[in-house]
Amino acid sequence: MKKILMLGTGGTIASVPGEDGLVPELDGAAMTRLVPELTGLCSIEYQQILNLDSSNITPRHWQTIARALAGHYSRYDGFVITHGTDTMAYSAAAVSQMVENCNKPVVFTGAQLPIGAPGTDAKDNIYHAFLTAVSNVKGVVLTFGNVVIHGKCAKKLYSENFNGFCSVNRAPLAIIKNHRLHWEQAEPEGAGTGNGPFAIHPEMEEKVAVIKITPGLPGSVLNHFLAAGYRGIVLESFGAGGVPNKDNNWLPEVEKMIRHGVRILCATQCIYDGVDLSKYPIGILAARLGAESAGNATVEAALTQLMWELGQPDT
């Protein structure tokens, strides 16, 4: 029987009614007692490392999760991380960046309703997360609703629907039907896998921001981030990564940021198909100045990758 460690971080899944609304309170032991299907599936141990609404998660909490994995990696066959849904895609992407040679399942899950609420999705999601954790998948994944998603490809699309997450620009690793995981590959891999000993690199540069370009928003907003000492900017651009260059010309500010050593990464406001800076002048001209393409990455993955790259000691 495999030995799985459940790491609790709070979120709706663990919440109970409080004076000002739902607040995370339940630990892993309390939640799994409500999922009798887990009996006989695996040996489960618990550690509560955080107890937060995920809107309050910060990069230091990502580091807490990664360090908990490192501290227990050799003792367990897999990990289930319960987490609030609002920033779970960010956390899964961030932890994916921080771990190296992760060849055990690290499974994020959460719920749209508290586990004690009538009709909750929490019980199914916990059961499916443990099914994932005892499978042969490697690396960081997110299990939610009817899918298992690569840790860098998840995005929350719905605030209430039980199939709240989708896999962006990559097919789901598995589809869940009738409480069974149907894997798309015989040897599925999430994020952070590789050969060699397991390690973490939790350093993150926090002075990285996402700026959503909207029609008429002046490029001068970048000056505020330059003055504040930011080292990286993800531009959530139009279409295939376009940066305005006519009446509302962002290019002089982009050039200034790059000249001052700030990395500019062009992502897209579109959910699917990613960025192609070689297609239109709005992308080509920005790339000539040194703007980089986020490729097929989600904004969550682009942000956390840039934070991680800038946070490494040799950067």
Side-chain angles (χ1 to χ4, degrees), residues 57-66 87-100 102 108 139-140 142 150-156 168-170 190-192 194 200-213 217 219 221-243 250-251 253-271 273-278 283 286-315:
I57 292 284
T58 68
R60 67 181 178 86
H61 299 121
W62 301 334
Q63 294 169 332
T64 297
I65 296 170
T87 63
M88 185 159 59
Y90 287 97
S91 294
V95 173
S96 297
Q97 284 294 146
M98 292 177 176
V99 298
E100 180 183 12
C102 182
F108 281 83
V140 181
L142 188 152
H150 187 282
K152 291 184 179 180
C153 299
K155 180 175 282 290
K156 187 179 182 185
V168 175
N169 294 326
R170 183 178 183 140
I200 63 166
H201 306 280
E203 299 82 5
M204 281 271 180
E205 171 57 64
E206 296 195 30
K207 288 214 163 184
V208 180
V210 175
I211 299 176
K212 185 169 187 173
I213 300 177
L217 180 70
V221 299
L222 292 174
N223 293 324
H224 298 287
F225 293 90
L226 182 61
Y230 274 68
R231 296 186 60 208
I233 299 292
V234 177
L235 292 179
E236 197 173 341
S237 310
F238 303 121
V243 177
W250 279 60
L251 295 181
E253 271 72 30
V254 168
E255 184 177 25
K256 182 197 298 184
M257 296 288 279
I258 294 170
R259 193 170 63 247
H260 281 84
V262 180
R263 286 182 61 186
I264 301 291
L265 189 62
C266 293
T268 175
Q269 295 174 28
C270 301
I271 301 298
D273 295 338
V275 169
D276 183 354
L277 296 183
S278 68
R288 284 179 186 169
L289 297 175
E292 304 168 53
S293 170
N296 285 336
T298 63
V299 170
E300 294 89 340
L303 173 68
T304 53
Q305 180 172 335
L306 187 54
M307 294 174 77
W308 182 84
E309 289 176 354
L310 289 172
Q312 298 315 293
D314 59 348
T315 301

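Everything numeric in this text was worked out from a predicted model, so none of it was measured.
- Judged by distance alone, the side chain of Gln63 and the main-chain N or O of Pro202 form a donor-acceptor pair under 3.5 Å.
- Between the side chains of Thr64 and His61, not a single donor N or O lies within less than 3.5 Å of an accepting N or O.
- Thr298 contributes a side-chain N or O that, together with a main-chain N or O of Ala301, makes up a donor-acceptor pair within less than 3.5 Å.
- Annotation for Leu222 and Met257: closest pair O-SD, 3.6 Å, computed over non-hydrogen atoms.
- Contact of the Met98 side chain with the Met204 side chain is registered, since non-hydrogen atoms from C-beta on lie closer than 4.5 Å.
- The only option from Glu206, His260, Glu205 that meets the side chain to side chain donor-acceptor pair (under 3.5 Å) definition with Arg231 turns out to be Glu205.
- Here the side chain of Thr268 pairs no donor or acceptor atom with the backbone of Gly274 at under 3.5 angstrom.
- The shortest side-chain heavy-atom distance between Arg263 and Glu292 falls under the 4.5 Å cut-off.
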Self-check item: Residue pair Val140, Phe108: steps toward the side chain to side chain contact (heavy atoms under 4.5 Å, CB included) verdict
Solution: CA-CA 8 Å; Val140 181; Phe108 281 83; 3.9 Å; yes

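- With hydrogens and angles ignored, the 3.5 Å screen pairs a side-chain donor or acceptor of Gln269 with a backbone N or O of Ile213.
- A distance of 11.0 Å separates CZ of Arg288 from CG of Leu251, quoted to the nearest 0.5 Å.
- Thr304 and Ala93 get closest at one heavy-atom pair: OG1-CB, 3.4 Å.
- Nearest approach of Gly229 to Lys207, heavy atoms of both residues: O-CD, 3.5 Å.
- Once rounded to the nearest 0.5 Å, the distance linking CD1 of Ile233 with CG of Leu226 reads 9.0 Å.
- Contact detail for Ala291 and Cys266: the closest heavy-atom pair is CB-SG, 4.1 Å.
- Using a 4.5 Å cut-off on side-chain heavy atoms (C-beta onward), Trp250 and Ile211 make contact.
- Around CG of Asn223, the count of heavy atoms belonging to other residues, nucleotides or ligands within 6.0 Å exceeds 12.
- Note that CG of Leu310 is 10.5 Å distant from CD of Gln305, once rounded to the nearest 0.5 Å.
- Using modelled atom types, one finds no donor on one side chain facing an acceptor on the other under 3.5 Å when comparing His201 with Gln312.
- Nearest heavy-atom pair, Ser96 versus Ala191, reported as atom, atom and distance to 0.1 Å: OG-CB, 3.2 Å.
- Of all non-hydrogen atoms in Ala240 and Val275, the two that sit nearest each other are O-CG1, 3.2 Å.
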Exercise. Kindly indicate, with the supporting measurements, whether the criterion side chain to side chain contact (heavy atoms under 4.5 Å, CB included) is fulfilled by Gln97 and Met307.
Key: CA-CA 10 Å; Gln97 284 294 146; Met307 294 174 77; over 6 Å; no

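- At a threshold of 4.5 Å between non-hydrogen side-chain atoms, the residues Val262 and Tyr230 do not count as touching.
- A donor-acceptor pair under 3.5 Å is formed between the side chain of Asn169 and the backbone N or O of Asn296.
- Here the CD1-OG distance, from Ile57 to Ser91, works out to 5.5 Å after rounding to the nearest 0.5 Å.
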